[in-house]
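Ligands are counted one by one from 1 in listed order, and the atoms in each one are counted from 1 as well.
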Amino acid sequence: MVTTVMPTYGRIDIAFERGEGPYLYSTEGRRFLDFASGIATNSLGHAHPHLVETLKQQSEKLWHVSNLYEVPEQKRLADRLVANSFADTVFFANSGAEANEGALKIARKYQWERGEKERHEIVCCRSAFHGRTLTTLSAGDNETYRTGFGPRPEGFRHVAFGNMNEMREAMSAKTAAILVEPIQGEGGINPADVEYLKALRKAADEFDALLIYDEVQCGMGRTGKLWAYEWSGVAPDIMSLAKGLGGGFPVGAILATEKAASGMAPGTHGSTFGGNPLAMAVANAVLDVILAPGFLEHVTEMGELFAKRLRDIAARHPKLISEVRGKGLMIGLACVGKNTDLQAKLREAGLLTVGAGGNVLRILPPLIIEESHVAEACGIIEKVCADMDAS
Ligand SMILES: *Cc1c(COP(=O)(O)O)cnc(C)c1O
């Protein structure tokens, strides 16, 4: 029997009625500590007063006008993203996949405009995830996601994440860009180390290729810095954003240097919804909170505390958790048994998490959590692990 909602997801049988901060309340009246955050998207938790107020006010003024006109809220957000990053210019999209599509277009156009018309190849990594459009599936590395969807957009090569020999081997006079997540999310919370990012930058420069970071998941304060790449000091030429940028409102963005975006003249790219006043108002409000003094330091502090306590739990339950990795509040538990089993038991006990590749369980709390929430989550995880060990 076909369902009216196309059955593309294997859904968990819970629906939520409302949320408040890091908590979600189900239609059956149960309270959950939401450390999935809509997959790193509700960066400020649920119903954050500043976001609610901003959305309310903007909804009474203007929702959409199209990019045929000036959109002052767009300029304000772009100015702030530029002022706080490597970038000189920003394009607004509606999702992560769209931001990556645009990032790839910008890189290829850059090469084409400088007369390098054969340079279209993008070197990507194994276990990468860049979205579900046909092109971003080609950039990503999930064979299941790709199978059955016909001819694949060409020009994508894949190398092992973290392996510079393979990267250099794959690069040539045809390479337009390298595309990499500074911390792989769906792939299993795999952080690129500083040396790898430095070496990628060097190789990109040597081969006249651009370096693109996909910070759709790891950006917007998730790691304790506004951008995950800041931990390495190695800036890209282009970067894609989405997820946490809107705190739950759909919005994506492509940040680029003036040089990388030099081919993007009027008419080269567009989006009907991209950068609409509602999305811009909310994203600006998210930035208000994240850029407030002390906010990112708090994320780092909570991340360190959480990781330390999780490592203690892992040490007590080596038959369940083999490793705790990640940065800030982007944490992965490498599971020994099936990650989905631990995830289901945690959910029954009132804690929401997200699965990832490589048998990893992702813990992605909203960035506004306090020590008490870390303690509550660790209490649940410890108890569930003790019960699992005992059975
Ligand atoms: C989620 C994600 C995407 C895709 O974003 P959508 O908004 O679902 O299109 C792309 N890249 C990374 C790293 C992601 O985590």
Any salt bridge linking [X] with [Y]? Criterion: basic side-chain nitrogen under 4.0 Å from a carboxylate oxygen.
X	Y	result
R76	D288	yes
D341	K345	no
E101	K105	no

Report, in ascending order of atom number, the atoms of ligand 1 lying under 4.0 Å from any heavy atom of [X].
X	answer
G131	4 (C), 10 (C)
F129	1 (C), 2 (C), 3 (C), 4 (C), 11 (N), 12 (C), 13 (C), 14 (C)
D214	10 (C), 11 (N), 12 (C), 13 (C)
A97	4 (C), 5 (O), 6 (P), 9 (O)
S95	7 (O), 9 (O)
E181	13 (C)
N100	10 (C), 11 (N)

The residue among V234, L255, I238 that forms side chain to side chain contact (heavy atoms under 4.5 Å, CB included) with Y213 is V234
Is the contact between [X] and ligand 1 made by the side chain, the backbone, both, or neither, using heavy atoms and a 4.0 Å cut-off?
X	value
A242	neither
K243	side chain
I39	neither
H130	backbone

> Can a cation-pi geometry be assigned to R347 and F32, taking NZ or CZ under 6.0 Å from the six-membered ring centre and within 45° of the ring axis?
Replying inline: no
Exercise. Establish, for the pair R31 and Y23, whether the NZ or CZ atom is under 6.0 angstrom from the six-membered ring centre and no further than 45 degrees off its axis.
Key: yes
Residue, atom and distance of the protein heavy atom nearest atom 7 (O) of ligand 1 read G96 N, 2.8 Å
The complete set of salt bridge (charged side-chain N to carboxylate O under 4.0 Å, His left out) pairs with one or both residues in residues 230-240, sequence neighbours excluded, reads R201-D237
(Q) Is the distance between the ring centroids of F306 and F35 under 6.0 Å? (A) yes
To the nearest 0.5 Å, atom CE of M171 lies from atom CD of E121 at 10.5 Å
- Message: Yes or no, since that's all I need: does a protein heavy atom fall within a distance strictly under 4.0 Å of atom 11 (N) of ligand 1?
- Response: yes
Next item on the list: Output yes when the distance from some N or O of ligand 1 to some N or O of E98 is under 3.5 Å, and no in every other case.
Entry: no
